[in-house]
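The basis for the numbers below is simple: all heavy atoms, side chains too, and nothing from hydrogens, waters or symmetry mates. All residue numbers in this chain count up from 1 along the given sequence.
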Amino acid sequence: QHHDLRLNQALSREDRPRLNRMLSLLEPMGKGALNNLTLTGFDQSERRIDLHAARLPQDFHQEARFLIVLLDRTVEKARLSEHGVFNALLDSSEDLTFATDPYGRLMLANQTFLNRLGMARERALGRKLAELLPPSASALYLSKGEERPSQYPDSSFETVKWPNDNTPSQLAVRRFPIRNRRNEIIGHATTCRD
């Protein structure tokens, strides 16, 4: 089946001038990149792509020629959008909610918990929870003896003094394991209600 394979035709009207501008500015052997372009496929579906271009040497051909690589970002964009919805859902709760991996590193945290820590999400995620919490909040992270979910208490009550807060909080703490589809434990979640 015949298809129009011209890249310019496959790009959205808004992205065509960006591509033409970049290509016109490239010197021989020069490289450039454009992110977040919309490409329409043969089936008329739209895909989000990044474009990387290199201008070939002048002796390759009389006219300017380019090597172009397209990187499909459609799945990644959908995942980020889903992640944003998930974070918005978590952040809408006033309960302190966080989860750690089996090694005690923070995998997720809602904004209420991050506000208590006084830390941005980007700085907190991936770090050991024991390093982030004040000593008075040590009851919120699992010790070595509590790593098996069968040993979780149904709930417990803990007194925690947060940085920048003079009044200690009385928290009802609930822990539960996070499992993957094969029923393997991939982390531990904690919710705390003041």
* To do: Applying side-chain contact (heavy atoms from CB on, under 4.5 Å), run through M119 and L132 and close with a yes or a no.
  => CA-CA 9 Å; M119 190 173 291; L132 300 174; 3.6 Å; yes
* To do: Could you list all the side-chain hydrogen bond (donor to acceptor under 3.5 Å, both in side chains) pairs where at least one residue sits in residues 18-37, not counting sequence neighbours?
  =>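 The answer is D15-R18, N36-R48.
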* Asked: L71 and F66: same hydrophobic cluster, using ILVMFWY side-chain contacts below 4.5 Å?
  ->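 Unlinked, L71 and F66 end up in two clusters.
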* According to a 4.5 Å side-chain heavy-atom criterion applied to Ile, Leu, Val, Met, Phe, Trp and Tyr, with indirect links allowed, do V69 and L34 form part of one hydrophobic cluster? ->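 No; tracing contacts between hydrophobic side chains, which count when under 4.5 Å, never links both residues.
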* Who are the side chain to side chain donor-acceptor pair (under 3.5 Å) partners of E158, not counting sequence neighbours? ->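 S156.
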* **Contacts of R55 that satisfy side chain to side chain donor-acceptor pair (under 3.5 Å) - sequence neighbours left out** =>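 Once residues adjacent in sequence are excluded, the partners of R55 under the side chain to side chain donor-acceptor pair (under 3.5 Å) criterion are Q58.
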Please name the pair of heavy atoms, one in [X] and one in [Y], separated by the smallest distance, quoted to 0.1 Å.
X    : Y    : result
F98  : L129 : CE1-CD2, 3.3 Å
P102 : H188 : CA-NE2, 4.2 Å
A53  : M22  : CB-CE, 3.6 Å
C192 : T190 : SG-CG2, 3.8 Å
Q170 : D194 : O-OD1, 3.2 Å
L114 : A124 : CD2-CB, 3.8 Å

* Could you go step by step and tell me if V173 and F157 meet the side-chain contact (heavy atoms from CB on, under 4.5 Å) rule? -> CA-CA 6 Å; V173 179; F157 294 94; over 6 Å; no
Which value, rounded to the nearest 0.5 Å, describes the distance between [X] atom [atom1] and [Y] atom [atom2]?
X    : Y    : atom1 : atom2 : value
L56  : L67  : CG    : CG    : 6.0 Å
R175 : T100 : CZ    : OG1   : 9.0 Å
T40  : E46  : OG1   : CD    : 5.0 Å
N110 : S93  : CG    : OG    : 6.0 Å

Could you tell me if the side chain of [Y] sits less than 4.5 Å from the side chain of [X], heavy atoms only?
X   : Y    : result
T38 : L11  : no
L90 : L108 : yes
L7  : L70  : yes
R73 : I49  : no
P17 : L19  : no

* Residue pair I178, M107: steps toward the side-chain contact (heavy atoms from CB on, under 4.5 Å) verdict -> CA-CA 11 Å; I178 302 170; M107 292 192 314; 3.9 Å; yes
* Asked: Do the side-chain N and O atoms of T112 and E94 include a donor-acceptor pair separated by under 3.5 angstrom?
  ->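 Short answer, no.
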* Could you tell me whether R127 atom CZ has more than 12 heavy atoms of other residues or ligands within 6.0 Å of it? =>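 Yes, because the 6.0 Å sphere around CZ of R127 holds more than 12 heavy atoms from other groups.
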* For D95 and T97, indicate whether the former's side chain and the latter's backbone hold a donor-acceptor pair under 3.5 Å. =>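 No; zero donor-acceptor contacts below 3.5 Å.
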* Asked: Short question: side chain of T191, backbone of L96 - any donor-acceptor pair under 3.5 Å?
  ->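 The answer is no, because no donor-acceptor pair under 3.5 Å joins these two groups.
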What pairs with [X] under salt bridge (Lys or Arg N to Asp or Glu O under 4.0 Å), at least two apart in sequence or on another chain?
X    : answer
R182 : E184
R105 : D101
R121 : D91

* Do D72 and R47 pass the side-chain contact (heavy atoms from CB on, under 4.5 Å) test, and can you show the C-alpha distance, the side-chain angles, and the key distance before you say yes or no? -> CA-CA 7 Å; D72 191 347; R47 302 185 91 61; 2.7 Å; yes
